[in-house]
Structures are given as structure tokens and as C-alpha cells.
Amino acid sequence: FGSCADDCDDTDPAVNPGAAELLDGIDNDCDGLIDDGVLPANALVITEVMRNPSMVSASEGEWFEVLNDSGVDLNLVGLEVADVDGDSFTVDADVWVPAGEYAVFARNGDDQVNGGVTADFEYGSWALANGEDEIVLTHGGVELDRIEFDDVDWPDTSGASMSLDPDSIDTLANDDSVAWCDAVDPYGLGDLGTPGDPNPICCADLDGDGYFDAACGGEDCDDGDSAVNPDELEVCDDGIDNDCDGLVDLNDDGCGGDDDTTGDDDTTGDDDTT
């Protein structure tokens, strides 16, 4: 029999040092931790992967991100991360992730060295390939999520993370390469990604001018015309906002006029002074 001091809730026979920890908001095994090391199926979704940083070396700047999609706070201690070749690491410390929040795993956990990433866990020598590779998450022998990517169908731009579209946050939907895109938001030293934060929706650059459609968070006010984007000069008197600054022709600096919104060169709508 154990000591009376061992039982953290002597009113509940299911709570004692010999009990198994459950995902129920209770310290079932009386180890001082609540729900520690209990991860339900589909609890985690891989949402972002930086496999090829450009501002720092891969050995310093690689990282990936997972979302706690379980609806409850989770401790990721005991999580196993591997590829299909058997390379792996295990989370051997408490990593608490609130429901709906993200955990970032980094090859180097020092944000002064890794390009400016705030990491929740440093995995050290485990590495992500720039070509074909996998990330497989398991816990207690149960697979929680996996992605298998390559450098043909999946995004593989140097300096930009692979970013999962928010509409595809699901352990099945994130298997498909079309659910991923290159990140566009800079962080730290200037690589692109949103480590630890929600991803923007994936936009197509339909006209190939390097800018994404404003309709989905980009800066291109006409993604069907490659001559219209923030890098273009305003063409006067063509009725188009060529540089996407919200001003057109006479209303635009550099095209004359007084920058009003009437399309006239004065504020009265006519050209005389009477």
C-alpha cells in the first residue's frame, strides 16, 4: 500500500499513482502534471515546413510547425518525429501547446542564430531534405499525422517555408501538395514564413508577375495582367491603377492633377474658374 500522501485525490478511486493518465483535465496519476503525455488521434496537424532557408544555413534555420487541433491543451512530451528511413527524435521535455495554438520545432533553438525563429523545442541533428522527405508524428505507437513531400509537386523555393492553406488544416487534407504554397510573409532576418502564427491563405500568382492576388491577401490589384502590380510605374491617362496604390491616372502622383478622386484636374469637376 502506498502512503496517504501519494494520493492526490482520495475522494476518487480512479485517481492515484498507479492510474493511467487520461485526457480529462485531471492529474490521474498524481505526478503533478495534468494530461501529460496524452495525445488523441488527429490531435496535431503539420502546418508549415522550412526545409531550405536562405538567410542562414539549413543546419541553423530548418524548422517545422504543428497545430494543436484537438480542442484541449496538450503536452507534447513523448511525441516521436521521424522519416520513413528511420531517422527520428523524441520530444523529451514538456512542451505545452494551448488548444488552437502552434508548436515550432527547430533544428537550432537559438533565435539569434536560426534566422529569428522562436522555437518550442530544439531537435538538433535531425534534418529535413530539400528533395524528397517525410515528417511522421507518432505517440505511443499511434500515428497522428504525416506528410510526404518532394521538390517537384510541392513548394520548394529557397528562403520560403512550405505553408499549408488554412482551408486544408486536416490530417488528410495536408497530404495533398495542392494544399501547400510558398510562404510570402518575412520573419526574422528575412526568410519567408509564419512560424508559430496562423498561415495566410494560399494565393495563385495567375499572371506570373511575382505578386499574389489582393483578393486573397496579396498585393496585386489585377492578377490577370502582368503589367499591373506594385513594381510597375503608373501609366498616365490609361484608366488603370498600374502600380496598385489605389490611385488612377490624374489622381496618381506623377501624372499631374491634384490627387482628388473625381478624375478632373480641379476639385469642382470643371476646368474654368467661373
Side-chain angles (χ1 to χ4, degrees), residues 23 25 34-51 53 61-83 88-107 109 111 114-123 126 128 133-140 142-149 154-155 160-188 191-203 216-217:
L23 190 70
I34 297 173
D35 296 346
D36 55 308
V38 181
L39 301 181
N42 301 320
L44 302 178
V45 181
I46 301 165
T47 52
E48 195 169 1
V49 182
M50 172 57 85
R51 50 175 165 156
E62 286 183 358
W63 53 269
F64 71 92
E65 170 195 272
V66 301
L67 170 68
N68 174 4
D69 199 37
S70 70
V72 295
D73 297 352
L74 295 177
N75 186 355
L76 304 190
V77 64
L79 179 71
E80 299 174 356
V81 182
D83 59 24
S88 65
F89 71 87
T90 300
V91 178
D92 57 2
D94 288 338
V95 178
W96 283 96
V97 189
E101 297 296 328
Y102 300 84
V104 176
F105 299 87
R107 192 167 173 181
D111 63 2
N114 65 19
V117 177
T118 300
D120 296 285
F121 186 83
E122 178 182 316
Y123 54 78
W126 193 76
L128 294 163
D133 209 349
E134 310 81 27
I135 300 176
V136 184
L137 309 180
T138 61
H139 188 270
V142 177
E143 183 172 311
L144 304 179
D145 192 20
R146 78 161 59 201
I147 59 171
E148 300 181 2
F149 53 85
W154 291 66
S161 70
M162 299 193 306
S163 179
L164 180 66
D165 190 288
D167 288 338
S168 297
I169 293 178
D170 181 85
T171 56
L172 294 178
N174 72 346
D175 296 341
D176 194 338
S177 63
V178 301
W180 297 78
C181 59
D182 286 322
V184 296
D185 296 316
Y187 68 87
D191 278 326
L192 305 178
T194 55
D197 292 317
N199 298 342
I201 61 176
C202 287
C203 294
C216 57

State, to 0.1 Å, how close Ala183 and Gly193 come at their nearest heavy-atom pair, and which atoms those are.
CB-CA, 3.5 Å
Donor-acceptor pair, side chain of Thr90 and main chain of Asp92, under 3.5 angstrom
no
Please step through side-chain contact (heavy atoms from CB on, under 4.5 Å) for the pair Val136 and Glu143, ending with a clear verdict.
CA-CA 7 Å; Val136 184; Glu143 183 172 311; 3.8 Å; yes
Output for pair (Asp165 CG, Cys203 SG), nearest 0.5 Å, gives 8.5 Å
Would you mind reporting whether Asp133 and Phe149 have side-chain heavy atoms less than 4.5 Å apart?
yes
If we ignore hydrogens and angles and just use 3.5 Å, is the side chain of Asn75 paired with the main-chain N or O of Val95 as donor and acceptor?
yes
Are the side chains of Arg51 and Met162 in touch, meaning some heavy atoms are under 4.5 Å apart?
yes
Restricting to non-hydrogen atoms, name the atom on Val117 and the atom on Tyr187 that form the minimum distance, rounded to 0.1 Å.
CG2-CE1, 3.4 Å
Smallest separation among heavy atoms of Val45 and Asp170, with atom names
CG1-N, 3.8 Å
So which heavy atom on Ile46 is nearest to which on Trp180, and how close?
O-CH2, 3.6 Å
Check whether any side-chain heavy atom of Leu39 sits under 4.5 Å from a side-chain heavy atom of Leu74, and report yes or no.
yes
Sub-4.5 Å side-chain heavy-atom contact between Asn199 and Glu65:
yes
How long is the span from the CD atom in Glu134 to the CG atom in Leu128, to the nearest 0.5 Å?
10.5 Å
Distance-only donor-acceptor check, side chains Ser88 and Glu80, under 3.5 Å
no
Verdict with supporting geometry, Cys181 and Cys202, disulfide bond (SG atoms under 2.5 Å apart)
CA-CA 6 Å; Cys181 59; Cys202 287; 2.1 Å; yes
Between the CG atom in Leu137 and the CD1 atom in Ile147, the distance rounded to the nearest 0.5 Å is 8.5 Å
Can you confirm whether Leu79 sits close enough to Val66 that some side-chain heavy atom of one is under 4.5 Å from a side-chain heavy atom of the other?
no
Once you round to the nearest 0.5 Å, how far does CH2 of Trp154 lie from CG of Asp182?
12.5 Å
Evaluate the criterion side-chain contact (heavy atoms from CB on, under 4.5 Å) for residue pair Tyr102 and Thr47; output intermediate values, then yes/no.
CA-CA 9 Å; Tyr102 300 84; Thr47 52; 3.8 Å; yes
Side-chain heavy-atom pair Pro200, Asp185 within 4.5 angstrom cut-off
yes
Give the minimum heavy-atom separation between Leu76 and Ala103, together with the two atoms involved.
CD1-CB, 4.0 Å
Should Ser168 and Asn174 count as side-chain neighbours, where that means a heavy-atom distance under 4.5 Å?
no
Measure up the Tyr123 and Phe89 rings against each other and bin them: parallel (under 30°), tilted (30 to 60°), perpendicular (over 60°).
parallel
Under 3.5 Å donor-acceptor, Glu48 side chain and Ser161 backbone
no
Gap separating the CE atom of Met50 from the CG atom of Leu192, nearest 0.5 angstrom
7.0 Å
Is the side chain of Asn68 donor-acceptor paired with the backbone N or O of Pro98 at a distance under 3.5 Å, no angle test?
yes
Any Val104 side-chain heavy atom under 4.5 Å of Thr118 side chain:
no
Would you give the length of the straight line joining atom CD1 of Ile135 to atom CZ of Phe64, rounded to the nearest 0.5 angstrom?
5.0 Å
Mind listing the closest non-hydrogen atom pair of Pro40 and Leu144 along with its distance?
O-CD2, 3.5 Å
